[in-house]
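What follows is a short report on a single structure.
On a predicted model such as this, the values are computed, not experimentally measured, just so you know.
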Amino acid sequence: RLGRALRWRDLPVDLQQAAAPTEKGGVDKKRLAALISSVVMQNVDEWDVWYGRLLAYRAEHGDVDVPLDTTVNGHELGRWVAQQFLEWRFGGLSEERRQRLMTGGLSIEEENGRYFAEGLNEFERHLEDNHGDSYVPNGFFTESGFALGNWAIAMRAAWRRGQLSSDQQYLLDAVGFPPAAHPHNFHARKVTRAIEQQLRSYQGMALIAREACFRSLVLKYHPSTNTRVHHAEEAIRFLSCYRDFFLYPPKPG
């Protein structure tokens, strides 16, 4: 901040006193180290402190993944790294911080692949535990601590933006993860699950057959053509989000 190297008089009084020789002629190194650490922590960017913990972990463990439950001196480094990837994935990190994370051995491409695969496995377990109901509540965590609710939101957002490869789209579809989210309401979800079942029964058929199926479902549930149908809004929203993948699926990679 001064635009030059610090001089003795710039140092805090406590630091000057700690650096002065003791009665035994030496320096109280323990007190000096504590004061320097305190001064650094008060003036450095908190992100830089966490980044230093990441580098320390890498220096000790090498080029390995940082598990979610990783701690460094009691600090939850694994959760910090997960948060960085989340911000990176959704554009919340500056270019300078992305470059530093890559220098520190983190790769968003590798993380995306690991994150996708881990979520896929967790979703399959969730589907089995819930008797085939693919609904994942927002903010839901699995028993292993995986944020499956956030994963489901991220996958559908990436699917909608065209950020998933064709292989990833077909893998999600194969395990029963639809491009459209089912509603929270149980009775509305019974309607959308029935819609999904009918759509899946037409997958692989000719486009003209799929178009006829989709049109019939829209006419059945749209409030302008059927005023007595229950949960019409949820049904039409589900169909709208499912439409592109059902009618115009990508070519297999």
Side-chain angles (χ1 to χ4, degrees), residues 68 82-93 108-204 210 213-214 217-218 221-222 231-253:
L68 186 65
Q83 179 63 32
Q84 300 316 298
F85 278 128
L86 190 62
E87 293 183 18
W88 192 341
R89 190 174 290 115
F90 292 102
L93 275 184
I108 190 64
E109 286 78 15
E110 292 178 9
E111 169 62 15
N112 280 342
R114 185 199 64 77
Y115 182 64
F116 178 85
E118 185 177 359
L120 206 63
N121 290 332
E122 293 286 356
F123 175 76
E124 287 188 277
R125 282 193 283 268
H126 175 77
L127 196 66
E128 183 177 350
D129 291 343
N130 289 274
H131 311 291
D133 188 346
S134 63
Y135 171 66
V136 181
N138 292 341
F140 176 75
F141 282 81
T142 65
E143 289 185 1
S144 66
F146 185 80
L148 188 61
N150 288 345
W151 179 87
I153 292 172
M155 289 304 106
R156 290 197 175 98
W159 203 334
R160 187 171 60 251
R161 296 168 183 161
Q163 295 172 341
L164 293 180
S165 68
S166 59
D167 286 344
Q168 287 176 322
Q169 292 178 51
Y170 282 115
L171 278 170
L172 290 170
D173 180 65
V175 300
F177 183 88
H182 287 289
H184 175 72
N185 181 277
F186 175 76
H187 297 290
R189 194 157 69 249
K190 286 182 68 175
V191 172
T192 56
R193 288 185 67 189
I195 291 173
E196 181 183 2
Q197 186 175 7
Q198 186 167 347
L199 291 172
R200 287 184 177 277
S201 70
Y202 274 76
Q203 283 181 318
R210 299 199 308 274
C213 168
F214 195 84
L217 287 170
V218 171
Y221 290 102
H222 201 283
H231 307 293
E233 182 179 345
E234 292 92 337
I236 292 301
R237 185 185 301 117
F238 184 83
L239 281 164
S240 176
C241 293
Y242 213 121
R243 178 182 179 275
D244 286 348
F245 181 74
F246 177 69
L247 293 179
Y248 313 109
K251 294 181 179 179

Spell out, as yes or no, whether a donor-acceptor pair under 3.5 Å connects the side chain of [X] to the backbone of [Y].
X: Gln168; Y: Ser165; answer: yes
X: Asp173; Y: Gln169; answer: no
X: Tyr170; Y: Pro250; answer: yes
X: Asn130; Y: Asp133; answer: no
X: Arg156; Y: Pro178; answer: yes
X: Arg189; Y: His182; answer: no
X: Arg210; Y: Phe246; answer: yes

Compare every heavy atom of Leu199 with every heavy atom of Cys213, then report the nearest pair and how far apart it is.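 In this case the closest contact between Cys213 and Leu199 is SG-CD2, 4.3 Å.
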| For the student: nearest non-hydrogen atoms of Phe238 and Ala181, plus distance |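 Closest approach of Phe238 to Ala181, heavy atoms only: CD1-O, 3.6 Å.
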Can you tell me if Glu124 has over 12 outside heavy atoms packed within less than 6.0 Å of its CD? yes
Any heavy-atom pair between the side chains of [Y] and [X] that's under 4.5 Å?
X: Asn150; Y: Asn138; answer: no
X: Met155; Y: Phe123; answer: no
X: Thr192; Y: Glu196; answer: no
X: Leu127; Y: Val175; answer: no
X: Leu93; Y: Gln84; answer: yes
X: Ser166; Y: Lys251; answer: no
X: Val191; Y: Tyr221; answer: yes

* Asked: Charged N to carboxylate O below 4.0 Å: is that the case for Asp244 and Arg160?
  -> no
task: Would you check if there is a donor-acceptor pair between the side chains of Glu122 and Ser144 at a distance under 3.5 Å?
output: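 Looking only at side-chain atoms, Glu122 and Ser144 do form a donor-acceptor pair, the distance falling under 3.5 Å.
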_Quick one, Tyr242 with Ile195, criterion side chain to side chain contact (heavy atoms under 4.5 Å, CB included). Give me CA distance, side-chain angles, the key distance, then yes/no._
CA-CA 10 Å; Tyr242 213 121; Ile195 291 173; over 6 Å; no
| task | In sequence, state the C-alpha distance, the side-chain angles, and the governing distance for Tyr248 and Arg243, and then conclude on side chain to side chain contact (heavy atoms under 4.5 Å, CB included). | result | CA-CA 8 Å; Tyr248 313 109; Arg243 178 182 179 275; 4.1 Å; yes
Report task. Give, for atom CD of Gln83 and atom CH2 of Trp88, the distance between the pair rounded to the nearest 0.5 Å. Result ->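 Going from the CD atom of Gln83 to the CH2 atom of Trp88 covers 14.0 Å.
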- Query: Atom CG of Leu148 and atom CD of Glu118: how far apart are they, to the nearest 0.5 Å?
  - Reply: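 Rounded to the nearest 0.5 Å, the CG-CD separation comes out at 10.0 Å.
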query: Using the ring of each side chain (for Trp, its six-membered ring), is His187 parallel, tilted or perpendicular to His231, with breaks at 30° and 60°?
result: parallel
message: Go through it in stages, so that I can follow the logic: the residues are Gln198 and Leu217, the test is side chain to side chain contact (heavy atoms under 4.5 Å, CB included), and I'd like the CA-CA distance, side-chain angles, deciding distance and then a yes or no.
response: CA-CA 9 Å; Gln198 186 167 347; Leu217 287 170; 3.5 Å; yes
Phe140 and Phe146: side chain to side chain contact (heavy atoms under 4.5 Å, CB included), yes or no, with the steps?
CA-CA 8 Å; Phe140 176 75; Phe146 185 80; over 6 Å; no
Exercise. Taking the six-membered ring for Trp, is the centroid-to-centroid distance between Phe177 and Trp151 below 6.0 Å?
Worked result: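 Phe177 vs Trp151: aromatic centres under 6.0 Å.
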